[in-house]
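Working notes for the structure below.
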Amino acid sequence: MEPAADEFTFQPLPPIEDPASAASHAERLGPLAGLRGRWGGGGFNVIWRPRQVPDIPQQDHFLELNMTSEELDFGPTLGQIPNRGLLEPDISLAGLKYVQQVFDTNLSAAQHFEPGLWVHVPRTGDPQEPPTVARMASIPHGTTILAQGTASTSAGPPTFPPVSITPFPIGQPDQPQDFAEQHLDRPTPHRTAGAGLHGVTQAMLDNPNSVLAHAPLIAGQDIETTTTLKVFTSDAAFPGGGTANIGFLTGAGLGPNAHATHVSATFWLQTPKGSTEPIFLQYSQRVLLQFDGFSWPHVTVATLEKNLP
């Protein structure tokens, strides 16, 4: 009898003979091992999305704001994932599958569903890369991403660099253009309003990562170590990665409807004093959507706690 999907593990034929093949799943997962389990919590989501307003031709965007709750389930491991090489010997990847579900807590609405994989890639000689981590995600709106990067572990809690939601002309990130929707004191029909704004502050729009720094779930915790996973869909240090979009998103001669061109994300796995594994997970993700000549930042942040083994 074939195993159920949640029991699937790779069995390379023929086996890959490398030093990692004898290691345990946890050892091969390396910095990803702390992700295993079920996580729950909440955060904040910001997305500029296209909007047609026939009587106001210059108004082509809407700023959606969501206070969120989230469930993020990692595992089980996928065993020894074989990658056959031509320019160097075969390697084994180690991976975890995951499912992410995000809900708008103010409006009791499901907002995001994402199945995917995280993999740990050993050091390679061609290309010359150190050990890396990679995230492969499928977004039901019609986008897939492959983001690769590095992992590191340091003492103490993380620090959160500021992140901006200000759009800029495509290819000109040093020319940000402020829009009225970014300011809660400026009335506009082109931004989330009413009950949907409950709990949203101007500080959160100015820097969504401030939600991470002031998360009640983390307040007062004595964080002993933090493992940081930082991945990008394009980075000069790594030859791989990228995004792919369905035709509706990429558009045709007149330009895209909402083309996701770049994704960067940082995940902070935090182990409090007295624990043998990470208990808290915080992340910040920034996606650039292109339409109407601009790159529009889509930023999502969350603070989660491991609530089941």
Side-chain angles (χ1 to χ4, degrees), residues 20 26-36 39 43 72 74-75 77-78 81 83 85 88 91-100 112 114-139 143-164 173 208-209 212 223 225-245 260-271 278 280-289 295 297-304:
E27 289 174 318
R28 288 205 300 271
L29 283 172
L32 301 183
L35 290 172
R36 289 185 298 180
W39 304 79
L72 185 52
F74 288 95
T77 62
L78 291 170
I81 306 170
N83 268 25
E88 68 169 271
I91 62 171
S92 295
L93 310 184
L96 286 169
K97 49 192 170 183
Y98 73 88
V99 175
Q100 181 186 38
H112 181 79
E114 178 184 314
L117 302 169
W118 277 86
V119 296
H120 183 223
V121 185
R123 183 186 305 275
T124 58
D126 195 337
Q128 289 192 355
E129 290 185 350
T132 59
V133 293
R135 172 179 159 218
M136 292 165 272
S138 297
I139 317 302
T143 298
T144 59
I145 68 170
L146 196 163
Q148 188 172 9
T150 57
S152 61
T153 299
S154 58
T159 57
F160 306 108
V163 61
S164 174
N209 278 358
L212 301 178
I223 302 300
T225 61
T226 299
T227 296
T228 302
L229 312 174
K230 186 176 293 188
V231 293
F232 311 84
T233 52
S234 60
D235 185 271
F238 307 108
T243 64
N245 297 265
T261 60
H262 180 74
V263 180
S264 59
T266 304
F267 288 68
W268 294 275
L269 277 162
Q270 300 165 54
T271 302
F280 301 104
L281 171 60
Q282 294 183 283
Y283 73 82
S284 175
Q285 176 173 284
R286 181 174 179 259
V287 181
L288 292 181
L289 299 176
S295 288
H298 167 21
V299 178
T300 308
V301 302
T303 299
L304 311 175

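Predicted model, so just to flag it, every value in this text is computed and none were measured.
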Side chains of Ser138 and Thr143: does their closest heavy-atom pair fall under 4.5 Å?
-> no
Would you say the side chain of Asp235 lies within less than 4.5 Å of the side chain of Gln148, judging by non-hydrogen atoms?
-> no
Minimum side-chain heavy-atom gap Val121-Pro131 below 4.5 Å | no
Under the salt bridge (Lys or Arg N to Asp or Glu O under 4.0 Å) rule, what pairs show up with a residue in residues 114-125, not counting sequence neighbours?
-> Glu114-Arg135
Taking atom OG1 of Thr233 and atom CD1 of Ile145, what is their separation to the nearest 0.5 Å?
-> 7.0 Å
Reported OG1-to-CG distance for the pair Thr261 and Leu289, which is rounded to 0.5 angstrom = 7.5 Å
For the atom pair NE2 (His120) and CG (Leu29), what is the distance rounded to the nearest 0.5 Å?
-> 8.5 Å
Taken to the nearest 0.5 Å, the spacing of Phe280 CZ from Thr303 OG1 works out to 10.0 Å
Going from CE on Met136 to NZ on Lys97, what distance comes out if it is rounded to the nearest 0.5 angstrom?
-> 13.0 Å
Do Phe160 and Thr266 come within less than 4.5 Å of each other through their side chains, counting heavy atoms only?
-> no
Should Thr243 and Val287 count as side-chain neighbours, where that means a heavy-atom distance under 4.5 Å?
-> no
Is there side-chain contact between Trp268 and Ser284, with heavy atoms separated by less than 4.5 Å?
-> yes
Is there a side-chain contact between Asn209 and Pro162, using heavy atoms and a 4.5 Å cut-off?
-> no
Assert yes or no for the condition that the ring centre distance of Tyr283 to Trp39 is strictly below 6.0 Å.
-> no
If you round to the nearest 0.5 Å, how far is CD1 of Ile223 from CD of Gln270?
-> 4.5 Å
What side-chain donor-acceptor pairs closer than 3.5 Å can you find for residues 225-232, not counting sequence neighbours?
| unit_1 | atom_1 | unit_2 | atom_2 | d |
| --- | --- | --- | --- | --- |
| Thr226 | OG1 | Gly156 | O | 2.7 |
| Thr227 | OG1 | Thr153 | OG1 | 2.9 |

So with a 6.0 Å cut-off around CD of Glu88, is the heavy-atom count from everything else above 12?
-> yes
Do Arg286 and Pro208 have side chains that get closer than 4.5 Å, going by heavy atoms?
-> no
